[in-house]
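Below, chain A is the first sequence line, B the second, and so on; all start at residue 1.
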2 protein chains.
Amino acid sequence: MEFNLTQRQQNILLAIVLDYIATAEPVGSRTISKKYDLGLSPATIRNDMAELEDLGLLTQPHSSSGRIPSDLGYRNFVDYLMEKPTLSNSDKELMKNIRNNNTSSLEFMIDQSARVLSALSNTVALIQVPESNKEFIKHFQLLPINENTFVTIVVTNTGKVHNFIVKTDKTVNEGFFSNITGYLTEQLLGTPISNLQKKLNDIITGNQEYDNILRSIYNSIKNNLSYEKNKIYVSGTSNLLKEPEFNENQKAHSLMNFFEIGEKQNELSNVFLAIGSTLIDKSDPIVLIGKEIKISQLENCSLIIGSYNIGEDLSGSIGLLGPTRMQYGKSLATLEEMIKNLSNLLTNIYDVSNNFE
Amino acid sequence: MEFNLTQRQQNILLAIVLDYIATAEPVGSRTISKKYDLGLSPATIRNDMAELEDLGLLTQPHSSSGRIPSDLGYRNFVDYLMEKPTLSNSDKELMKNIRNNNTSSLEFMIDQSARVLSALSNTVALIQVPESNKEFIKHFQLLPINENTFVTIVVTNTGKVHNFIVKTDKTVNEGFFSNITGYLTEQLLGTPISNLQKKLNDIITGNQEYDNILRSIYNSIKNNLSYEKNKIYVSGTSNLLKEPEFNENQKAHSLMNFFEIGEKQNELSNVFLAIGSTLIDKSDPIVLIGKEIKISQLENCSLIIGSYNIGEDLSGSIGLLGPTRMQYGKSLATLEEMIKNLSNLLTNIYDVSNNFE
DNA sequence: TGTTAGCACTCACCTTAGTAGAGTGCTAAT
DNA sequence: ATTAGCACTCTACTAAGGTGAGTGCTAACA
């Protein structure tokens, strides 16, 4: 990945990337000579541009136009050349305000964070609802709604509340529910949430009525836990439509379609969660550029992805998706700050390490 | 609104609307004469078209082009001319399958319904989470998470489970929570959910610790109930981008932006909920065409809106948004069928009338 | 030897002009 | 009352020419 560029070539590459990000127009030698104070004539710059193109860092839409950074060009820019700005106070303020809405539900805070993130970065913000394998059941309860329906409520040590509507075949009375709640609480307390399904399947009481109910709960949870687990919050998809690279109607449609199908469980979430789970050192966000994402629909996009955490056990992926021609420095700085902010905020509220059990 | 059109004029208007909906191209007299079996020459049709234009039912993009239906033209079409097709069995099947995913959470079923609805109608589907003023509190519980955080769980007679994370200033022990839970349960059981906030504010125990906790719960609920109340599920927004009328990038962007900001609580939801609440006889969906919606961003769109119900007490708005050039008949039929399907499905599960209290 | 001025060349983009075609309104004939 | 015929209008498409931004190459220069 190293190219042994001369200092001058680096300067030129930097100028081209910055200019192209700002204008979305191919950058010519004259433009650089004039706008950027490199003290070089267009001819000299042309020579270096030709070499940068040979190295695969730049491309040319057609033979007599200016240059555009290639994926590799952006890669080099991100790894060696760009500066990461410090965020403005007003930006930080916006993030802190998420906390100020007093105490709220987990979902509300993640939702708000995604909104702020997309607004500040002008990209699409993606935040996964946190997952944990140290999350365990703290409270388990069946509540009857009517004669053949009840709600199953599962509360974990992290404060997440899951609920499932369950229908029964036979009508049962209210006393029955407090009995079985007592029984199941005893069985399930402390069970890791990831293990709940299996455990429910394993319990056999021998009592026909109990076992029927257990079977119903099992089915309901099977369908719903996965639905909730893969949930991600997406905000700012319309930001992409602003960009000239998505001008053509068909491109815009196919991209929005990709986002939408994925809103809950398909394409986009799968991609996002899959990439998130491969991150090794999760503390710093990584940048994937264009084809590096390996999804054809996103080959004109870049993804900055990292993860936030709640205490030491819980974590979720968080990322930004924009055109390859995105503001990498600002976006990265914004994402990092949001990771800090969100981690702090949620750790403060949900951290399980100071749990009294 | 009556125009006393001759039968022939009605036929011509019908042909123009159908053709324009199918092709998105202005319709000329020759086209009608050829494609539709009216037994009339183009000249005759032209005379009637001129009159229909005088009446405001048609417009002309420019002086030598064919005609396009105006909002009023669509209005007439919808009210007097169109046929409502019977749905195909495969369409009905898709709706019934929502039920087959076994028992599920309310949100999951509404989400699924919105997806199916948008897919079948090729429009944007909007479904509000059901509201009720006969919904009352059936279960109220505080559960500690760690030494200064607890979850408030509120379950209503309809099976809806609300939960709120609440922080306390002082640390309190576990026994304290079961005491206050007992106290509050006694106070709040049977309280209409719409009245919960006020009631919490009114309770003054005189006990300093209790009152602090009550104040915290009050604040948390204040912020969150409204967030949950206005929630609507939106699906199929990208369907609109397919249509030629939203070809221009800027239009597409402003429209998607309108949808997105509104995803949870602003523009689109407000509009949708406001219109929903003005419906008098909610049993049949109504059609709003173009400017009738009275939202500038949606002046090229039509909205079909109705409401579904759960038993007799709960109801929510449900609607379809498409270009004015949408398939009114098919969309209306689809929406009506979905209303039946969803109402049945949810009434079956959640109906409170056979509640044992 | 690295840098730059000069020059011929390329190619997208814009403007202009011309043409084809779909559609209209009007008039006169049926 | 209906329709055939005709002159007219306006968009959409195409071709041609001009403009300008940009390039690569060569030769001169410091």
Side-chain angles (χ1 to χ4, degrees), chain A residues 4-13 15-17 19-20 22-70 73 244-245 247-249, chain B residues 4-13 15-17 19-20 22-70 73 244-245 247-249:
Chain A
N4 286 320
L5 303 181
T6 64
Q7 182 61 46
R8 194 174 72 197
Q9 286 170 334
Q10 291 184 26
N11 292 342
I12 291 172
L13 178 56
I16 291 175
V17 174
D19 206 79
Y20 184 65
T23 65
E25 295 292 332
V27 188
S29 53
R30 221 181 110 92
T31 310
I32 297 184
S33 177
K34 267 183 153 177
K35 272 172 75 174
Y36 298 84
D37 202 18
L38 303 181
L40 293 171
S41 78
T44 310
I45 294 173
R46 276 204 289 284
N47 287 331
D48 277 338
M49 281 164 77
E51 190 155 346
L52 290 170
E53 184 172 356
D54 286 346
L55 290 169
L57 296 165
L58 298 177
T59 58
Q60 222 175 356
H62 57 87
S63 72
S64 70
S65 79
R67 302 304 207 290
I68 284 179
S70 65
E245 37 267 81
N247 245 327
E248 289 150 57
N249 193 245
Chain B
N4 287 319
L5 301 182
T6 65
Q7 183 61 46
R8 195 173 72 196
Q9 286 170 334
Q10 291 185 25
N11 292 342
I12 290 172
L13 178 57
I16 291 175
V17 174
D19 206 79
Y20 185 66
T23 65
E25 295 292 332
V27 187
S29 54
R30 221 180 109 91
T31 310
I32 296 185
S33 177
K34 268 182 153 178
K35 271 172 75 174
Y36 298 84
D37 203 17
L38 303 180
L40 294 171
S41 77
T44 311
I45 294 173
R46 275 204 290 283
N47 288 331
D48 276 338
M49 281 164 80
E51 190 156 348
L52 290 170
E53 184 172 357
D54 286 345
L55 290 169
L57 296 165
L58 298 177
T59 57
Q60 222 175 356
H62 58 87
S63 71
S64 70
S65 78
R67 303 305 208 288
I68 285 178
S70 65
E245 37 267 82
N247 245 326
E248 289 150 58
N249 193 245

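If B/L40 and A/V27 are placed on DNA chain D by their nearest nucleotide, the residue sitting closer to the 5' end is B/L40.
In this structure, the side chains of B/Q10 and B/L5 come closer than 4.5 Å at one or more pairs of heavy atoms. Considering only heavy atoms from C-beta on, A/S70 stays 4.5 Å or farther from A/L58 through its side chain. Contact of the B/P61 side chain with the B/I68 side chain is registered, since non-hydrogen atoms from C-beta on lie closer than 4.5 Å.
Rounded to whole angstrom, the span from the CD1 atom of B/I16 across to the P atom of C/dG23 amounts to 12 Å. Nucleotide C/dG2 holds its C1' atom 16 Å from the CZ atom of A/R46, rounded to whole Å. Atom-to-atom, CD of A/E51 to C1' of C/dT3 comes out at 15 Å; the value is rounded to the nearest Å. Computed from coordinates, the A/Q7 CD to C/dT3 C1' distance equals 18 Å when rounded to whole Å. Taking atom CG on A/N47 and atom P on C/dT4, their separation rounds to 10 Å, with Å as the unit.
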When you compare the protein's N or O atoms with those of nucleotides 28-30 of chain C, which come within less than 3.5 Å of each other, and at what distance?
none

Extract from the structure each pairing of a protein N or O with an N or O of nucleotides 16-22 of chain C at less than 3.5 Å, listing the distance.
none

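In this structure, B/D48 CG and B/L13 CG are separated by 10.5 Å, a value rounded to the nearest 0.5 Å. Annotation: the span from B/I12 atom CD1 to B/R67 atom CZ amounts to 11.0 Å, rounded to 0.5 Å.
Taking 4.0 Å as the cutoff to heavy atoms of chain B, we find the contact window on DNA chain D bounded by D/dT2 to D/dT11.
B/Q60 places a side-chain N or O within 3.5 Å of a backbone atom of B/S65 that can act as its donor or acceptor partner.
Inspection of the A/E51 and A/N47 side chains reveals no N or O donor paired with an N or O acceptor under 3.5 Å.
If one axis is set at each end of the helix from C/dT1-D/dA30 to C/dT30-D/dA1 from five pairs, those axes are 20° apart, to 10°.
By the side-chain contact (heavy atoms from CB on, under 4.5 Å) test, B/S41 is found to be paired with B/A43, B/T44, residues two or more places apart in sequence or in another chain being considered.
A side-chain hydrogen bond (donor to acceptor under 3.5 Å, both in side chains) with A/N11 is found for exactly one of A/Q9, A/Q7, A/R8, namely A/Q7.
Residue contacts shown for A/T44 include a base, since a base heavy atom lies under 4.0 Å away.
When all heavy atoms of A/M49 and A/G28 are compared, the pair lying nearest together is CE-C, 4.3 Å. A pairwise comparison of heavy atoms in B/P69 and B/Y20 identifies CD-CD2, 3.6 Å as the closest pair.
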Output side-chain donor-acceptor pairs under 3.5 Å for residues 32-40 of chain B, partner residues at least two apart or in another chain, one line each.
| from | atom 1 | to | atom 2 | distance (Å) |
| --- | --- | --- | --- | --- |
| B/S33 | OG | B/L40 | O | 2.8 |
| B/K35 | NZ | B/D19 | OD1 | 2.7 |
| B/Y36 | OH | B/D19 | OD1 | 2.8 |

